[in-house]
Number of protein chains: 2
Amino acid sequence: MFTIGKASEQSGVNIETIRYYEREGIVPRPGRSAGGHRLYSPDEIAKLRFVRRCRDLGFPISIIQTFLSLTEQDDRSCGEVKVLAENHLDEINAKIEILTRLREALLSLSSNCDDGIAACPMLDTLMKDGFAENRAE
Amino acid sequence: MFTIGKASEQSGVNIETIRYYEREGIVPRPGRSAGGHRLYSPDEIAKLRFVRRCRDLGFPISIIQTFLSLTEQDDRSCGEVKVLAENHLDEINAKIEILTRLREALLSLSSNCDDGIAACPMLDTLMKDGFAENRAE
DNA sequence: CTAGTTCCTGTAGTGGCTACAGGAGCAAGC
DNA sequence: GCTTGCTCCTGTAGCCACTACAGGAACTAG
C-alpha cells in the first residue's frame with residue numbers, strides 16, 4: 001500500500017489532481033490509514049495511470065469514465081472503444097485543420113508587419129470594416 | 001447608436017460575452033439610454049469586432065488587451081505586434097505538432113481494436129505497467 | 001522527543017465564456 | 001393609452017480540468 005505521494009509519483013498524476021478525481025467520483029475512494037491518510041493499492045495506482053494516459057491522449061474525463069466502466073466488465077467491448085477513439089480522432093483532425101488555417105491567416109496578416117512602421121497593417125486590417133471573415137470554426 | 005443586440009449582430013460577439021468583456025475591462029463601458037440600456041457607437045462595435053477576430057485567431061485576452069492599447073497610440077508600434085504574433089505562431093505550431101503526434105499514437109493504439117474482440121487491446125495497453133510514455137506535452 | 005516532511009479538509013482561483021432567474025425598458029399595433 | 005412580446009438589465013452560478021492556497025494533523029528519521 002502506498003501513500004498519495006507515492007501514488008502520484010508512480011502514476012504521474014498530481015496529488016491535488018488525485019484528490020480531485022476522487023471528489024468527482026472518477027476513481028474509487030482508496031482505503032485509509034489509522035490517522036486518515038489515503039492508502040493506494042497497485043491496482044488503484046494502475047487506474048490513475050490509465051486516466052493520465054487517456055488525458056495525455058486528449059480524451060475528456062467523461063469518455064475516460066466510460067472506458068473505466070468498460071474495463072470493469074469482463075467483456076471490454078472493443079467496438080464501443082473503437083467508436084469513441086474514432087470520434088476523438090475526428091476531433092483531433094478537425095483541430096489540426098483549424099490550427100493550420102489559423103497559421104496561414106496569421107502568417108499572411110503578420111507578413112506586412114515590419115518593425116519601424118508606425119501604423120501596423122495587421123492591427124489595421126483586423127480593425128477595418130470590410131475584412132473577409134474566413135472564420136476558423 | 002446601437003443597442004447591445006445590434007452591436008452583437010454587427011460584431012459577431014455574443015451579448016453575454018460583450019457584457020463579460022465590459023465587466024473585465026477588456027472594452028470600455030458604452031453610454032446608456034435614459035432607461036439604462038447600453039448604447040454602442042460604430043467605433044465601439046469595431047472594437048468588439050476586433051476582439052472577436054483576434055479571438056478567432058486564437059490570441060488570448062491578455063494579448064488582445066495589449067493590441068488594443070497599441071491601437072490607442074498614434075504610433076501602433078508594429079514591432080511589438082510582430083513579436084506577439086510570432087510567439088503566437090510558435091504556440092500554434094507547437095499545438096499542431098502535439099496533435100499530430102497524438103493522432104499517430106491514437107491511430108496505432110486503436111488499429112488493433114476490432115469489433116467482436118472481448119478484451120480490448122487499446123484499453124489493455126493503456127492499463128498495463130510497462131507502456132512507453134511518449135508524453136505529449 | 002523533536003524537527004521536518006507529508007498528509008488532511010475546505011475553499012477559491014484559472015480562462016473565457018455561457019446560462020439562468022427575476023425583473024425592467026421599449027417599440028409596434030390596437 | 002394600453003397591451004403584448006421582445007429585448008434589455010443585474011447578479012449569480014456553472015462549465016472543464018485542474019491548481020493553489022490556508023491552517024492544521026499525522027507520520028518518520030534522528
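In the text below, chain A, chain B and the rest are named by the order of the sequence lines, each starting its count at 1. This structure is a prediction, so every number in the text was calculated from the model and none was measured.
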Nearest-Å distance, OH (B:Tyr20) to P (C:dT18)? 10 Å
Can you list everything that forms a side chain to side chain contact (heavy atoms under 4.5 Å, CB included) with B:Ile4? Sequence neighbours excluded, please. B:Ile15, B:Ile18, B:Arg19, B:Arg38, B:Tyr40
Which whole-number value in Å describes the distance from A:Tyr40 OH to C:dT6 P? 16 Å
Look at the side-chain N and O atoms of B:Arg55 and state whether any lies under 4.0 Å from the OP1 or OP2 oxygen of C:dC17. yes
Students should find that the nucleotides of DNA chain D closing off the region near chain A, any atom under 4.0 angstrom from a heavy atom, are D:dA17 to D:dC27
Rounded to whole angstroms, how far apart are CZ on B:Arg32 and P on C:dC26? 12 Å
Give the rounded distance in Å between these two atoms: CD1 of B:Ile64 and C1' of C:dC17. 13 Å
Which atom of A:Leu57 lies closest to which atom of A:His88, heavy atoms considered: O-NE2, 2.8 Å
Given DNA chain C, 5'-ward residue of the pair A:Gly35 and A:Arg23, judged by closest heavy atom: A:Gly35
Strictly below 4.0 Å: does A:Arg19 bring a side-chain N or O up to OP1 or OP2 of C:dC8? yes
Rounded to the nearest 0.5 angstrom, the CG-CG distance for A:Leu109 and A:Leu123 is 9.5 Å
Using atom types as modelled and distance alone, determine if a side-chain donor or acceptor of A:Arg52 lies under 3.5 Å from a backbone N or O of A:Ser11. yes
How long is the line joining CD of B:Glu91 and P of C:dG15, in whole Å? 14 Å
Quick check: are there more than 12 heavy atoms from other residues, nucleotides or ligands sitting under 6.0 Å from CZ of B:Arg32? yes
Salt-bridged, B:Lys47 to B:Glu72, with N to O below 4.0 Å? yes
Should the pair A:Glu44-A:Arg49 be classified as a salt bridge under the 4.0 Å nitrogen-to-oxygen rule? no
More 5' along DNA chain C: B:His37 or B:Pro60, using each one's nearest nucleotide? B:Pro60
Counting the atoms with a prime plus P, OP1 and OP2 as sugar-phosphate, which does B:Tyr21 contact under 4.0 Å by heavy atoms, base, sugar-phosphate, or nothing? sugar-phosphate
Would you kindly compare A:Glu16 and A:Ile61 by the position of their nearest DNA chain D nucleotide and give the one closer to the 5′ end? A:Ile61
